[in-house]
Each structure stands twice: as structure tokens, then as C-alpha cells.
Amino acid sequence: MIAIVDYGMGNVASVSTAFQRLGYDVILTDQQEELKKASHIVLPGVGSFQAAVDEITDRGLRDILIELATEKPFLGICLGMQLLFSTGYEGGETTGLNLIPGKVKKMNTDFLLPHIGWNALNINHAFPSYQRFQGEHVYFVHSYAVETDLRYVVATTDYDKDVTAIVKKGNVTGIQFHPEKSGDIGMDILKTFLQEDSHDNYSSN
């Protein structure tokens with residue numbers, strides 16, 4: 001059973017449908033006991049960093065999400081990926097879940113924001129299970145991006161400069177783009193998360 005965290009700011013319907021298409025049972029929930037029973041946790045998100053943290057905190061989910069990320073595969077999508085990090089600046093400086101060290105800042109680019117559209121992935125050779133996605137195009141919608149240590153970066157994309165697209169640290173994976181809107185490639189990336197060994201690379205350090 002995959003638990004999708006329903007905290008009022010996620011595109012939960014489309015994310016749920018994507019996992020169901022892969023043949024998995026899905027529950028949308030903000031209940032701690034249901035989250036604990038799940039095999040995988042998925043944290044989606046659309047909106048601002050500060051507002052999302054406030055919702056998670058107000059619903060009493062912050063501590064349980066941090067705990068579960070050490071116990072089972074945990075995926076953040078779009079804003080949900082950004083929430084995995086130490087600090088975000090959208091809406092004011094705000095402490096994230098701090099599952100991966102790094103900051104989420106407004107993209108420093110001469111290109112238009114938000115970054116909307118299809119961009120190619122450049123895969124870090126240290127993550128062999130993702131190598132087959134080299135050069136594949138996926139769908140982005142965002143104005144803020146993650147700055148973190150390169151050892152956690154599975155993939156980047158080029159939008160004026162390198163932008164972090166996928167991250168991984170131990171059980172925790174983050175995807176900046178929308179896999180549920182990225183066609184067959186997006187579905188294959190979700191499948192990789194569901195099937196991979198969380199300790200198959202040095203990102204667990």
C-alpha cells in the first residue's frame with residue numbers, strides 16, 4: 001500500500017492515479033496510523049514552501065513524516081521534493097523537514113519564471129538505476145529550485161543553468177518535475193523509485 005500524504009496542498013488525484021496505473025493500491029491520508037501501515041510514503045505538493053510547512057505542522061504530521069523517512073521509501077514530488085530540504089525561502093525563510101541538507105531558493109536565471117515545459121534530464125553516473133533516463137524529457141512547473149551537495153543529486157536539467165531535478169539520500173527520493181504528467185518516462189521513473197534498493201549508492205551517507 002502506497003500512502004499519499006493529503007495535507008491540502010498536493011495534486012493528490014493525478015499522483016494517485018499514476019501509482020494505480022502501475023498496479024499499486026493507494027490511500028490518500030493525513031492519519032498517522034495509516035501512514036505507518038504503508039509500504040511507501042509519497043509527499044506531493046503545489047504551492048509555496050512556507051504555506052506547505054504550516055499545513056504539515058498544523059496537522060501534526062511533521063514528526064511522523066521525519067520518522068517514517070528513516071524507515072521506508074519516501075518520495076517527494078515537486079513542492080514535496082523541496083520540503084525534504086533544510087530551508088526554503090518561498091513565503092519567507094522557513095525550516096523544512098531537513099531530511100536532506102540544502103536550501104530551496106528562487107531560480108537565478110534570465111529565463112522566464114516559472115519554468116514551465118519539457119526539459120531533458122542529465123543523470124549523475126553515481127546512480128546506475130537511473131542511467132536509462134539520460135536525455136529523456138520530463139515536465140517541469142516551478143520557480144524555486146534546490147541547492148544541495150552534488151552527492152545527493154541524481155539528475156539535473158538545463159534551464160539557463162543546471163537545475164536539480166532528482167535527488168536521493170538513503171530511503172528518501174525527491175523529484176522536482178511532475179512524473180505523473182511526463183508520459184511513459186515519468187511512469188518509469190516512479191516505477192524505479194518503487195523497485196530500487198534505497199542503499200544501492202553512496203547517497204545514503
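Numbering of residues begins at 1 and proceeds along the displayed sequence. What's counted below: heavy atoms across the whole structure, side chains too, no hydrogens, waters or symmetry copies.
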Give a yes or no answer on whether the side chain of H142 reaches the backbone of Y144 with a donor-acceptor pair at less than 3.5 Å. yes

If I compare all heavy atoms of T94 with all of F49, which pair ends up nearest, and what's the gap? O-CE2, 3.5 Å

Heavy-atom check, side chain of V12 versus side chain of S16, under 4.5 Å: no

So, taking the atom named CG in L113 and the one named OH in Y159, what distance separates them when rounded to the nearest 0.5 Å? 6.0 Å

Here the gap from E147 atom CD to N108 atom CG, rounded to the nearest 0.5 Å, amounts to 8.5 Å

Are L61 and I66 connected in the hydrophobic side-chain network, where two residues link if heavy atoms are under 4.5 Å apart? yes

Treating Q32 as the side-chain partner and G60 as the backbone partner, does any N or O pair qualify as donor plus acceptor under 3.5 Å? yes

Do M9 and L79 make a side-chain contact, defined as non-hydrogen atoms from C-beta onward lying under 4.5 Å apart? yes

Determine the minimum heavy-atom distance between V141 and Y139, stating which atoms define it. CG2-CE2, 3.4 Å

Just by modelled atom types, is the D110 backbone N or O under 3.5 Å from a matching donor or acceptor in the D160 side chain? yes

Closest non-hydrogen atom pair between E180 and S14, with its separation: CG-OG, 3.6 Å

Would you mind checking if K106 and E90 are paired as a salt bridge, meaning a charged N to carboxylate O distance below 4.0 Å? no

If Ile, Leu, Val, Met, Phe, Trp and Tyr residues are connected whenever their side-chain heavy atoms lie under 4.5 Å apart, and connections chain through other members, are I185 and L75 in the same group? yes

Kindly indicate whether the side chain of Y152, heavy atoms from C-beta on, has any atom under 4.5 Å from the side chain of V172. no

Around atom CZ of R132, are there more than 12 heavy atoms from other residues, nucleotides or ligands closer than 6.0 Å? yes

In one Ile/Leu/Val/Met/Phe/Trp/Tyr side-chain cluster, 4.5 Å: M107, F85: no

Does the side chain of P73 come within less than 4.5 Å of F193's, by heavy atoms? yes

When you compare the side chains of S86 and N98, does any donor N or O come within less than 3.5 Å of an acceptor on the partner? yes

Any side-chain heavy atom of L121 within less than 4.5 Å of one from Y130? no

Validation row: V42, I2 side chains within 4.5 angstrom (heavy atoms): yes

Should L22 and M187 be marked as a side-chain contact (heavy atoms from CB on, under 4.5 Å) after you check the CA-CA gap, both sets of side-chain angles, and the distance that decides it? CA-CA 8 Å; L22 291 173; M187 297 297 288; 3.6 Å; yes

For K105 and A145, indicate whether the former's side chain and the latter's backbone hold a donor-acceptor pair under 3.5 Å. no

Would you confirm whether N124, through its side chain, and V153, through its main-chain N or O, come within 3.5 Å as a donor-acceptor pair? yes

Write down the atom of T157, the atom of A120, and the distance for their closest heavy-atom approach. OG1-O, 2.6 Å

Could you walk me through whether V53 and T95 pass side-chain contact (heavy atoms from CB on, under 4.5 Å), step by step? CA-CA 8 Å; V53 169; T95 301; over 6 Å; no

CG of L83 to CD of E55: how many Å apart, nearest 0.5 Å? 11.5 Å

For Y24 and H40, take the angle between the two ring planes, folded into 0 to 90°, and tell me which bin it lands in: parallel under 30, tilted 30 to 60, perpendicular over 60. perpendicular

Donor-acceptor check, side chain of Q134 to backbone of I123, threshold 3.5 angstrom: yes or no? yes

Any idea which heavy atoms bring G174 and L84 closest together, and the distance? CA-CD1, 3.8 Å

Given T173 and E196, is the side-chain contact (heavy atoms from CB on, under 4.5 Å) satisfied, shown in steps? CA-CA 11 Å; T173 302; E196 71 184 337; 3.7 Å; yes

Backbone N/O of G96 and side chain of R62: donor-acceptor pair under 3.5 Å: yes

What's the separation between atom CG in L190 and atom CZ in R21, rounded to the nearest 0.5 Å? 9.5 Å

Search all heavy atoms of M1 against all heavy atoms of I27 and return the closest pair with its distance. SD-N, 3.7 Å

Distance col, row I189:CD1 vs L194:CG, nearest 0.5 angstrom, shows 12.5 Å

Are side-chain heavy atoms of I4 and T29 found at a separation under 4.5 Å? no

Between E33 and K36, is the salt bridge (Lys or Arg N to Asp or Glu O under 4.0 Å) condition met? List the steps. CA-CA 5 Å; E33 290 306 313; K36 289 177 182 178; 3.4 Å; yes

Sub-6.0 Å ring centroid separation between F140 and F177: yes

No-hydrogen, no-angle side-chain donor-acceptor test under 3.5 Å, Q50 and E93: no

Do L99 and I64 belong together in a cluster built from hydrophobic side chains that touch within less than 4.5 Å? yes

Count the heavy atoms belonging to other residues, nucleotides or ligands that lie under 6.0 Å from NZ of K103, then report whether that count exceeds 12. no

D6 side-chain N/O to L28 backbone N/O, donor-acceptor pair under 3.5 Å: no

Can you find a pair of side-chain heavy atoms, one from D30 and one from Y7, that are under 4.5 Å apart? no

Where the side chain of T148 meets the backbone of P101, is there a donor-acceptor pair that is under 3.5 Å apart? yes

Same cluster or not: are V163 and L112 linked, directly or through other Ile, Leu, Val, Met, Phe, Trp or Tyr residues, by side-chain heavy atoms under 4.5 angstrom apart? yes

From CD (Q195) to CG (D188), nearest 0.5 Å: 9.5 Å

Check step by step if side-chain contact (heavy atoms from CB on, under 4.5 Å) holds for Q176 and C78. CA-CA 4 Å; Q176 179 61 72; C78 197; 4.0 Å; yes

Got a donor-acceptor contact below 3.5 angstrom from the T156 side chain to the A165 backbone? no

